[in-house]
Protein chains: 2
Amino acid sequence: MAFYIKEAAEKVNLPTHTLRYYEQEGLLPFIKRDENGNRIFDENDLLWLELIVCLRKTDIPLAELRAIVELTKEGDSTAAKRKQILEKHKEKMMEKQRDLDNAFIKIKEKIGFYDEIEKKYHKENLSF
Amino acid sequence: MAFYIKEAAEKVNLPTHTLRYYEQEGLLPFIKRDENGNRIFDENDLLWLELIVCLRKTDIPLAELRAIVELTKEGDSTAAKRKQILEKHKEKMMEKQRDLDNAFIKIKEKIGFYDEIEKKYHKENLSF
DNA sequence: TTAATCCTTAAAGTCGACTTTAAGGCAAGG
DNA sequence: CCTTGCCTTAAAGTCGACTTTAAGGATTAA
């Protein structure tokens, strides 16, 4: 189970350019090449890439993903540090959740307000 | 109840620069000035600003807020359009919520994984 | 009177995360 | 043989949302 960049990109629903950019930024450190220098993504690479995509949707900075990669290279002794990075991001995610909850209340209010204006406006403009 | 920019900025927890920038970008169209040309934020301005801040935390684009302002200037007949903009953003918010829910699952898994490595690592390094 | 602290405007700079452009290599199909 | 479509690299450009810098005006406190 190994894939060229186009297949990998399709699997994670990103442009190939972005995958190359991620590799360049140190997020994909173990990507092998075929005899022509083309990238080959194996199952492991894809799993990591999927986690990247999933966490990027919650706006984890590339720098934090890169930091995890660097720590991974240093071996098992860095597991606690890697965990810490993720815990910190999880806190941010929880804050976002709260921000969303607050915004839902406010946006519903405002939508209701616009509804009222709309109703009034139509009532006032009835011809008979 | 009216405030100069510094007080207003403190109330919504933004730098004064950002409030000026927002006005310049057409997000705060009704801000009055005192005899020296200083901005005066009234209760209404603050309420709108608070909504801006609340929705910005969910990444509503400035362009959408500006669009609402422009429609508001055109009067009550545009209430439906303004509502539509907010409904559309509410959809995005719901998608973010789903993204967060998915990411929570994955990040907990990964944290658990790092926990395992950590435990193993400490076990292997016991001297006796 | 001078320093501090507010305010003003306009313009330039920054940042993260891509995205686009340019120039070119390799392999298969017609 | 040539086009098509994949791949490569390096570098430049874009985008949104600020943020910083520069230059200066008005009010207050020492």
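From a predicted model like this one, the values you see are computed outputs, not experimental measurements. Chain naming here is simple, since letters A, B, ... match the order of the sequence lines and numbering starts at 1 in each.
With A:Arg20 as the fixed residue, the side chain to side chain contact (heavy atoms under 4.5 Å, CB included) test singles out one of A:Glu23, A:His17, A:Gln24: A:His17.
If you take OH of A:Tyr21 and C1' of C:dG16, they are 7 Å apart, rounded to a whole angstrom. Note: CD (B:Gln24) to P (D:dT20) measures 16 Å, nearest angstrom. Atom CZ in A:Phe3 sits roughly 14 Å away from atom P in D:dC7 (whole-Å rounding). To the nearest angstrom, C1' of D:dT8 lies 11 Å from CG of A:Asp34. Rounded to a whole Å, the CD1 atom of A:Ile31 is 14 Å from the P atom of D:dC7. In this structure, A:Leu19 atom CG and D:dC6 atom P are separated by 15 Å, rounded to whole Å. Look at CD on B:Glu35: it is 12 Å from P on D:dA26, rounded to the nearest Å. In this entry the distance linking CD1 of A:Ile40 with P of D:dC6 reads 17 Å, nearest Å.
Residues satisfying the side-chain contact (heavy atoms from CB on, under 4.5 Å) criterion with B:Ser77, sequence neighbours excluded, are A:Tyr121. In this structure B:Asp34 satisfies the side chain to side chain donor-acceptor pair (under 3.5 Å) test together with B:Tyr4, sequence neighbours excluded. For A:Thr72, the side chain to side chain donor-acceptor pair (under 3.5 Å) criterion is met by no residue, not counting sequence neighbours.
When every heavy atom of A:Ala103 is checked against every heavy atom of B:Cys54, the shortest pair comes out as CA-SG, 3.5 Å. Taking both residues in full, the closest heavy atoms of B:Leu27 and B:Trp48 are given as O-NE1, 2.7 Å, listed atom of the first, atom of the second, then distance. Across every non-hydrogen atom of A:His89 and A:Asp59, the tightest pair is CE1-C, 4.1 Å. Across all non-hydrogen atoms, the minimal contact from A:Ala2 to A:Ile40 is CB-CG2, 3.6 Å.
Contact check of residues 61-70 of chain A against DNA chain D (heavy atom, cut-off under 4.0 Å) returns no residues at all. Residues from residues 90-99 of chain B with heavy atoms under 4.0 angstrom of DNA chain D: there are none.
Atom CE in A:Met93 sits 9.5 Å away from atom CG in B:Asp99 (nearest 0.5 Å). Taken from CD1 in B:Ile111 to CD1 in A:Ile85, the straight-line distance is 11.0 Å, to the nearest 0.5 Å.
Contact annotation: B:Arg56 side-chain N/O to D:dC18 OP1/OP2 distance is under 4.0 Å. Between A:Tyr22 and the phosphate of C:dC18, there is a side-chain N or O to OP1/OP2 separation shorter than 4.0 Å.
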- prompt: Which letter, B, S or -, goes with each nucleotide of nucleotides 3-9 of chain C from 5' to 3', with contact meaning a protein heavy atom under 4.0 Å?
  reply: ---SSBB
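In terms of modelled atom types and a separation under 3.5 Å, the side chain of A:Arg98 and the main chain of A:Asn102 share no donor-acceptor contact.
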